[in-house]
Amino acid sequence: MTTQICADVDEAVAGIEDGSTVLVGGFGMAGMPVDLIDALIRQGAKDLTVVSNNAGNGDTGLAALLAKGRVRKVICSFPRQADSWVFDELYRAGRIELEVVPQGNLAERMRAAGAGIGAFFCPTGVGTLLAEGKETREIDGRTYVLEYPIKGDVALIGAHRADRMGNLVYRKTARNFGPVMVTAATTVIAQVREIVETGEIDPETVVTPSIYVDRVVQEAARA
């Protein structure tokens, strides 16, 4: 597979279909692929299921996608915070579905999808509403709940640098969910600060190898 270097973000998100499950990187706004999300809004895909750490901040990025009514369901760990008013309004009005997943479980469910694991038992959430209706099992005297992988049709992630093969490196907390999301999605699209020639990234620093990355696009220069 050869990674496609896209001329712009609109080319990068072309072909995302209605009803897709879209994994969106970011921890708050750190690592949030805002340019790709804006392009997805222009592209017009709807009835989406979005998997992310939270349900959007303020009025930009993921929150803007929600505000356009393009998202049917959100799977996340932190749906409510001080600046999540877009999601909050939609949820209270019954216009969007929500599945809350503990943060560690969220990462592990995507990692399991990438590793080909059919399901796994985890102690997180046992005895809470999050475990209702799920299979539980006693293992070595402790109760575990059965969790299933989360697979994506598309992953939109933000990285710091890519080479022309598609190898990615991240910067600090912007790394967050990106490395597991790329293994769990059929199509991976990365927004990066800069694209360098192949060989300019030290192989020891590569976090996401190019074999996982389908499209790369350089983000717009910030003022």
Side-chain angles (χ1 to χ4, degrees), residues 1 16-28 31-33 40 45-56 62 65-66 70-81 84 87 91 96-159 168 170 173 175-190 206-214:
M1 183 195 76
I16 296 178
E17 298 180 352
D18 294 352
S20 294
T21 295
V22 183
L23 314 181
V24 179
F27 193 88
M32 178 69 68
L40 182 58
K46 60 184 183 296
D47 195 33
L48 303 173
T49 295
V50 167
V51 183
S52 192
N53 181 61
N54 64 339
L62 183 53
L65 182 66
L66 268 60
R70 304 285 178 74
V71 180
R72 178 183 64 82
K73 180 179 181 179
V74 170
I75 302 174
C76 71
S77 297
F78 296 95
R80 296 194 67 214
Q81 52 199 53
S84 60
F87 171 81
Y91 185 73
I96 196 166
E97 298 176 39
L98 170 66
E99 179 181 346
V100 176
V101 181
Q103 193 172 67
N105 285 16
L106 185 67
E108 186 64 8
R109 287 177 66 183
M110 289 185 286
R111 192 198 69 81
I117 296 171
F120 62 93
F121 283 98
C122 178
T124 306
V126 170
T128 73
L129 291 174
L130 300 181
E132 285 192 355
K134 296 182 178 181
E135 179 183 344
T136 59
R137 184 175 298 184
E138 295 288 331
I139 303 173
D140 290 334
R142 189 175 186 183
T143 303
Y144 293 79
V145 63
L146 184 65
E147 300 284 359
Y148 289 92
I150 296 175
K151 301 176 182 179
D153 298 299
V154 180
L156 304 180
I157 64 166
L168 303 180
Y170 304 82
T173 56
R175 177 169 172 170
N176 53 70
F177 289 91
V180 293
M181 285 183 169
V182 299
T183 68
T186 301
T187 300
V188 174
I189 308 169
V206 171
V207 178
T208 296
S210 62
I211 57 172
Y212 292 109
V213 183
D214 298 283

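Bear in mind the structure is a predicted one, so any value in this text is a computation, not a measurement.
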Inset, instruction - Can you see which heavy atom on A190 is nearest to which on L168, and at what distance? - result: CB-CD1, 3.9 Å
Inset, instruction - Please name the pair of heavy atoms, one in D214 and one in T186, separated by the smallest distance, quoted to 0.1 Å. - result: OD2-O, 3.6 Å
Legend entry - Distance-minimising heavy-atom pair for G56 and L62: N-CD2, 3.9 Å
Legend entry - Qualifying residues under side chain to side chain contact (heavy atoms under 4.5 Å, CB included), relative to R175, sequence neighbours excluded: Y170, P179, V207
Legend entry - Close side-chain approach of V51 and T21, heavy atoms under 4.5 Å: yes
Inset, instruction - Flag the pair L40 / L48 as yes when at least one side-chain heavy-atom distance between them is below 4.5 Å, and no otherwise. - result: yes
Legend entry - Expected output: side-chain N54 to main-chain P79 donor-acceptor under 3.5 Å: no
Inset, instruction - Of all the heavy-atom pairs spanning V182 and Y212, show the shortest one and how long it is. - result: O-CD2, 3.9 Å
Legend entry - Side chain proximity check, L23 to V154, heavy atoms < 4.5 angstrom: no
Inset, instruction - Taking the side chain as every heavy atom from C-beta outward, state whether Q103 and F27 have any atom pair closer than 4.5 Å. - result: yes
Inset, instruction - Evaluate the side-chain proximity of I75 to V50: yes if any heavy-atom separation is below 4.5 Å, no if none is. - result: no
Legend entry - salt_bridge(E135, R137) N-O dist < 4.0 Å: yes
Legend entry - Heavy-atom closest contact (N176 atom, G26 atom, distance): OD1-N, 3.1 Å
Legend entry - Under-4.0 Å salt bridge between R111 and E147: no
Legend entry - Nearest heavy atoms of S52 and M181, plus distance in Å: CA-CE, 4.4 Å
